[in-house]
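This report refers to the structure that appears directly beneath it.
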Amino acid sequence: MTENILTLIKDGVVNGDPEQVRKYVTEAFESGMGPQDILEGGLTAGLEVMGERWNRLEVFLPEVMKSAKAMKVGFEIVKPQLGSKDSDFRMGTVVIGTVKGDVHDIGKTVVATMLIGAGFEVFDLGVDQAPSMFVDTAIEKDADIIGLSSLLTTSMAIQRDVIDLLDTLELRDRFQVMVGGAPTNQEWADTIGAQGWAADAHAAVAKAKELMETKKSS
Ligand code: B1M
């Protein structure tokens, strides 16, 4: 039963069918399934299939866009269930966004939502953001962490540009920088001097908590 609904959600994403996604995400909740399972087992799994098909040149951009839109319809239903923030309690403040030249926003939005759910105050800048935007907002909001998402090998360098800008402004010690996105890894984070890297949204929440501990003890 659980497997079945998740497969139907996944197929809805693959086929770019928002109504199918909406129907079965709603049914999944009604049957008692948790938001995390629906997100990972259905919605994200559907986009992974599209990514693999793209790699094999079996699909084109309009199909991937349709799938991404269908995924977002489901994510909007799941999102409120992921966030259980107690408004009086704050783990820390995060400014997050996708870097300049990159319009991929799904993974970044999932990470932002999970951080909110874990009790962080999050300012989501959206996509295609210049280094100065991250730094200016972090100063303005007195952030603890700057989160940089990049899904393209061509946009990864912008993560380094943000850190370079912090160095230039002598603000390097004021903020913890966390990077993420499919082409990134721990080695890249170490190379550019980011304090944190995470492979997925779960790991991003754990890393953000760890960075807060580091910040408090420094
Ligand atoms: Co694009 N795309 N895309 N795409 N797209 C990829 C990323 C690609 C790997 C596909 C491929 O070739 N196999 C490839 C990049 C290759 C590379 O550079 N290595 C690619 C390309 C080439 C492009 C275009 C250049 C295509 C073109 O125009 N010729 C173009 C780029 C436009 C631009 O940005 N300037 C493009 C466009 C698009 C769409 C608009 C069609 C659409 C995006 C829609 C949207 O976001 N609104 C799209 C999509 C959907 C994808 C794939 C299929 C799926 C991405 C996704 O949303 N995954 C992707 C293939 C793939 O990844 N398999 C692909 C689901 C999401 C939940 O996972 O984003 O990885 P992800 O996020 C994860 C982790 O990475 C991590 O946690 C998240 C949640 O678990 N994470 C962080 C992410 N950010 C983090 C930040 C953190 C910590 C963790 O801390 C701050």
Side-chain angles (χ1 to χ4, degrees), residues 1-55 59 63-86 91 94 96-98 102-127 145 147-151 178-185 196-210:
M1 170 70 173
T2 301
E3 284 287 292
N4 244 345
I5 299 187
L6 290 179
T7 304
L8 288 162
I9 295 169
K10 183 170 99 178
D11 290 349
V13 172
V14 170
N15 298 328
D17 183 340
E19 286 320 309
Q20 178 167 340
V21 172
R22 191 191 311 277
K23 179 172 188 295
Y24 290 109
V25 168
T26 307
E27 262 185 38
F29 274 124
E30 282 165 5
S31 76
M33 219 179 279
Q36 203 62 47
D37 290 339
I38 299 171
L39 180 63
E40 284 169 8
L43 296 170
T44 305
L47 269 187
E48 273 162 15
V49 171
M50 291 308 278
E52 285 155 17
R53 289 188 183 173
W54 172 290
N55 282 340
V59 290
E63 289 152 288
V64 180
M65 285 181 87
K66 268 180 78 181
S67 290
K69 278 188 185 153
M71 192 275 187
K72 282 178 146 190
V73 166
F75 184 60
E76 285 307 316
I77 305 171
V78 171
K79 200 168 151 183
Q81 313 296 325
L82 287 168
S84 61
K85 183 179 169 188
D86 173 346
M91 289 289 303
V94 183
I96 192 170
T98 304
D102 196 327
V103 301
H104 294 88
D105 77 341
I106 296 170
K108 177 268 301 162
T109 307
V110 173
V111 172
T113 306
M114 297 279 286
L115 286 170
I116 292 168
F120 284 86
E121 182 179 30
V122 175
F123 295 93
D124 186 344
L125 300 175
V127 299
I145 299 172
L148 307 168
S149 180
S150 165
L151 263 287
M178 172 160 65
V179 297
T184 67
N185 53 34
W197 170 79
D200 57 34
H202 264 122
V205 170
K207 183 54 74 176
K209 288 180 178 170
E210 196 185 306

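Here the structure is a predicted model, which is why all the values come from computation and not from measurement.
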inquiry  = Under a 4.0 Å threshold between the charged nitrogen and the carboxylate oxygen, would K23 count as salt-bridged to E19?
reply    = no
Please tabulate, for side-chain N and O atoms in residues 46-53, each donor-acceptor pair with protein atoms closer than 3.5 Å (sequence neighbours left out).
none

task = Give, for atom CG of L148 and atom CH2 of W197, the distance between the pair rounded to the nearest 0.5 Å.
result = 15.0 Å
message = Quick one, I106 and F75 - any side-chain contact, counting heavy atoms below 4.5 Å?
response = no
Considering all heavy atoms, the nearest V94-G147 contact = CG1-N, 4.4 Å
key: V103 vs T98 side-chain heavy atoms within contact, under 4.5 Å   = no
remark   = Scanning both residues in full, the closest heavy-atom pair of G41 with A45 reads O-CB, 3.5 Å
query = Of all heavy-atom pairs between A70 and G12, which one has the smallest distance, and what is that distance?
reply = CB-O, 4.1 Å
message = Before you tell me yes or no, could you show the steps for V21 and M71 under side chain to side chain contact (heavy atoms under 4.5 Å, CB included), namely the whole-Å CA-CA distance, both residues' side-chain angles and the distance that decides it to 0.1 Å?
response = CA-CA 7 Å; V21 172; M71 192 275 187; over 6 Å; no
task = Find out whether S149 and L151 are in side-chain contact, i.e. whether some heavy atom of one side chain is under 4.5 Å from a heavy atom of the other.
result = yes
I5 versus A28, closest heavy-atom pair with distance = CG2-CB, 3.6 Å
From NZ (K207) to CD1 (I145), nearest 0.5 Å = 10.5 Å
key: Considering all heavy atoms, the nearest S150-P183 contact   = O-CD, 3.2 Å
task = Find the distance between CD1 (I38) and CG (L6) and round it off to the nearest 0.5 Å.
result = 7.5 Å
ask   = When rounded to the nearest 0.5 angstrom, what is the spacing between OH in Y24 and CG in L8?
value = 5.0 Å
T184 side, atom OG1; M178 side, atom CE - distance, nearest 0.5 Å = 10.5 Å
remark   = For K209, the salt bridge (charged side-chain N to carboxylate O under 4.0 Å, His left out) test, sequence neighbours excluded, returns none
inquiry  = For a side chain to side chain contact (heavy atoms under 4.5 Å, CB included) check, start with the C-alpha distance between V127 and D102, then their side-chain angles and the critical distance, and finish with the verdict.
reply    = CA-CA 7 Å; V127 299; D102 196 327; over 6 Å; no
query = Side chains of M33 and F29: closer than 4.5 Å at any heavy-atom pair?
reply = no
ask   = Would you say V73 and V25 make side-chain contact, with heavy atoms under 4.5 Å?
value = no
ask   = Nearest 0.5 Å, what's the NZ-CG distance between K69 and D17?
value = 14.0 Å
remark   = Hits for salt bridge (charged side-chain N to carboxylate O under 4.0 Å, His left out) against K72, two or more places apart or cross-chain, chain-then-number order -> D105
task = Output all residues satisfying side-chain hydrogen bond (donor to acceptor under 3.5 Å, both in side chains) with T109, sequence neighbours left out; order by chain, then residue number.
result = none
Pairing residues for D124 by the salt bridge (charged side-chain N to carboxylate O under 4.0 Å, His left out) criterion, not counting sequence neighbours = K108
request  = Quick one: list whatever passes salt bridge (charged side-chain N to carboxylate O under 4.0 Å, His left out) with K66, sequence neighbours left out.
outcome  = none
